[in-house]
Amino acid sequence: AGNSIVARAVRFEVPPFSLAFGRWSIALLLLAPFAIAPLRRDWAVLRRGWPAVLLLGLLGIGAFNGLLYSGLQDTTATNALLLQAAIPALVALLDRLMFGVRVGRVQALGIAASVLGVVWIVFQGDPAAALRLHFGRGDVLVLASVVVWSLYTVLLRLRPAISPISFVAATFAVGVVTMAPLALWEWQSGRPVQWSAEVAGAFLYVGVLPSLVSYFIYNAAAARIGAARAGQAITMMPVFGAFLSAALLGEALHDYHYVGIAFILAGIVLGALAPKAGEAAGARQTARLEERP
């Protein structure tokens with residue numbers, strides 16, 4: 001949630017691809033000292049599984065962030081939240097179509113409750129607000145990032161049996177290489193980064209917390225509990241976003257926020273209590289990863 005807030009806050013000072021390039025460069029530099037030894041051990045497996053690593057790096061590291069940051073240049077927070085609310089349902093649909101993983105009734109009910117909670121927040125408790133929404137270039141880019149992230153979540157099961165550090169470092173490297181020419185194009189087009197202490201702090205933030213910390217946690221969750229249940233956690237982003245906006249930007253929280261949050265939390269609880277249909281595949285993947293030293 002903080003990633004989107006920071007990206008929106010510095011949109012006038014930092015072009016989107018430059019932010020993505022700086023993010024992954026910082027994350028990779030910080031991770032490199034800890035990743036050298038695991039990469040050496042995993043190199044043979046990594047070479048055999050490079051197509052999956054390249055695909056996941058292009059989707060979850062390069063394309064997702066480039067599209068999201070580009071969309072946040074133009075779209076409103078309301079539209080962005082609405083579009084991101086589609087991730088859990090889209091993950092479940094793709095998981096079913098691509099890998100035959102069925103979503104049980106309780107889990108489907110949980111997804112529906114979470115999405116309803118997000119929609120309630122987005123529309124500020126007024127369903128008629130849906131008629132007043134307008135979608136433009138930024139919304140299309142955010143929607144594309146939603147599709148890309150959903151694919152990344154579902155395809156995480158294809159990653160080779162290497163340590164989490166090796167996998168994250170390899171995909172971060174793909175993100176750096178992918179974003180470098182796009183950032184260079186922005187600089188040559190007359191859109192340099194307007195440096196300040198705040199901008200430097202923004203780069204440091206997105207390079208550490210949404211990158212290193214969040215990706216390790218999310219990848220581990222998807223491996224352990226399955227793509228659909230991990231993807232459902234995305235609906236928590238508007239919850240954290242609302243509280244972060246209130247704390248950092250002085251925006252007020254209203255009754256519709258709390259109603260929506262209640263639906264979202266109910267959906268998360270239902271998802272946690274649902275029969276773990278997609279967990280068997282995730283458990284097998286985790287067992288393979290844990291066999292690595």
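These numbers come from the heavy atoms of this one structure, side chains and all, not from hydrogens, waters or symmetry mates.
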Working to the nearest 0.5 Å, report the span between CG of Leu39 and CZ of Phe34.
13.5 Å

Phe263 reachable from Val115 in the ILVMFWY side-chain graph, under 4.5 Å edges:
no

For residues 46-72, which residue pairs qualify under ring pair (Phe, Tyr, Trp, His ring centres under 6.0 Å), counting only residues two or more places apart or in two chains?
Phe64-Trp149

Leu56 side, atom CG; Thr153 side, atom OG1 - distance, nearest 0.5 Å
10.0 Å

If you compare all heavy atoms of Ser145 against all heavy atoms of Leu68, which two are closest, and at what distance to 0.1 Å?
CB-N, 3.8 Å

Is the number of heavy atoms from other residues, nucleotides or ligands within 6.0 Å of CZ (Phe203) greater than 12?
yes

Looking only at atom types and distance, does a side-chain atom of Arg11 sit under 3.5 Å from a main-chain N or O of Arg8, one as donor and one as acceptor?
yes

Does Ser189 use its side chain to pair, donor to acceptor, with the backbone of Trp185 at less than 3.5 Å?
yes

Hydrophobic clusters here meaning ILVMFWY residues chained together by side-chain heavy-atom distances under 4.5 Å, can you tell me if Leu29 and Leu204 are in one?
no

State, to 0.1 Å, how close Ala183 and Phe21 come at their nearest heavy-atom pair, and which atoms those are.
CB-CB, 3.9 Å

Determine whether Met179 and Pro16 make a side-chain contact, defined as any pair of heavy atoms from C-beta on separated by less than 4.5 Å.
no

Can you tell me how far CD1 of Ile111 sits from CG of Leu116, rounded to the nearest 0.5 angstrom?
13.5 Å

What residues, two or more places apart in sequence or in another chain, satisfy salt bridge (charged side-chain N to carboxylate O under 4.0 Å, His left out) together with Asp255?
none

Are Ile61 and Leu54 grouped together when hydrophobic residues (ILVMFWY) are joined by side-chain heavy atoms under 4.5 angstrom apart?
no

Shortest non-hydrogen contact from Ala202 to Val6?
CB-CG1, 3.5 Å

Please report the interatomic distance CD1(Ile87) to CG(Leu90), rounded to the nearest 0.5 Å.
8.0 Å

Heavy-atom pair of closest approach, residues Ala161 and Val45
O-CG1, 4.0 Å

So does Ser211 get a backbone contact from the side chain of Ser214, meaning a donor-acceptor N/O pair under 3.5 Å?
no

Are Leu28 and Leu209 in one and the same hydrophobic cluster, where Ile, Leu, Val, Met, Phe, Trp and Tyr link if side-chain heavy atoms are under 4.5 Å apart?
yes

State, yes or no, whether a side-chain contact exists between Ser166 and Trp43 at a heavy-atom distance under 4.5 Å.
no

May I have the step-by-step check of side chain to side chain contact (heavy atoms under 4.5 Å, CB included) for Phe216 and Leu31, ending in yes or no?
CA-CA 11 Å; Phe216 271 112; Leu31 185 61; 4.0 Å; yes

Can you confirm whether Val174 sits close enough to Trp24 that some side-chain heavy atom of one is under 4.5 Å from a side-chain heavy atom of the other?
no

Enclosure of Trp195 CH2 (heavy-atom neighbours >12, cutoff 6.0 Å):
yes

Do Arg41 and Ser163 have side chains that approach each other closer than 4.5 Å (heavy atoms only, starting at C-beta)?
no

Shortest non-hydrogen contact between Ala221 and Ala230, atoms and distance
C-CB, 4.3 Å

Approximate separation, where rounding is to 0.5 Å, of Leu151 CG and Met98 CE:
6.0 Å

When hydrophobic residues are tied together by side-chain contacts of less than 4.5 Å, even through go-betweens, does Phe99 share a cluster with Val91?
yes

Heavy-atom side-chain contact between Phe167 and Asp42 under 4.5 Å
no

From CD1 (Ile5) to CG (Leu72), nearest 0.5 Å:
10.5 Å

Answer yes or no: is there a donor N or O on one side and an acceptor on the other, between the side chain of Tyr256 and the main chain of Asp126, under 3.5 Å?
no

Taking the side chain as C-beta and beyond, is there a heavy-atom pair between Tyr152 and Val148 under 4.5 Å?
no

Report yes if the side chains of Arg23 and Asn3 come closer than 4.5 Å at any heavy-atom pair, otherwise no.
yes

Hey, does Leu19 have a side-chain heavy atom less than 4.5 Å from the side chain of Glu186?
no

Considering all heavy atoms, the nearest Arg159-Ala223 contact:
NH2-CB, 3.3 Å

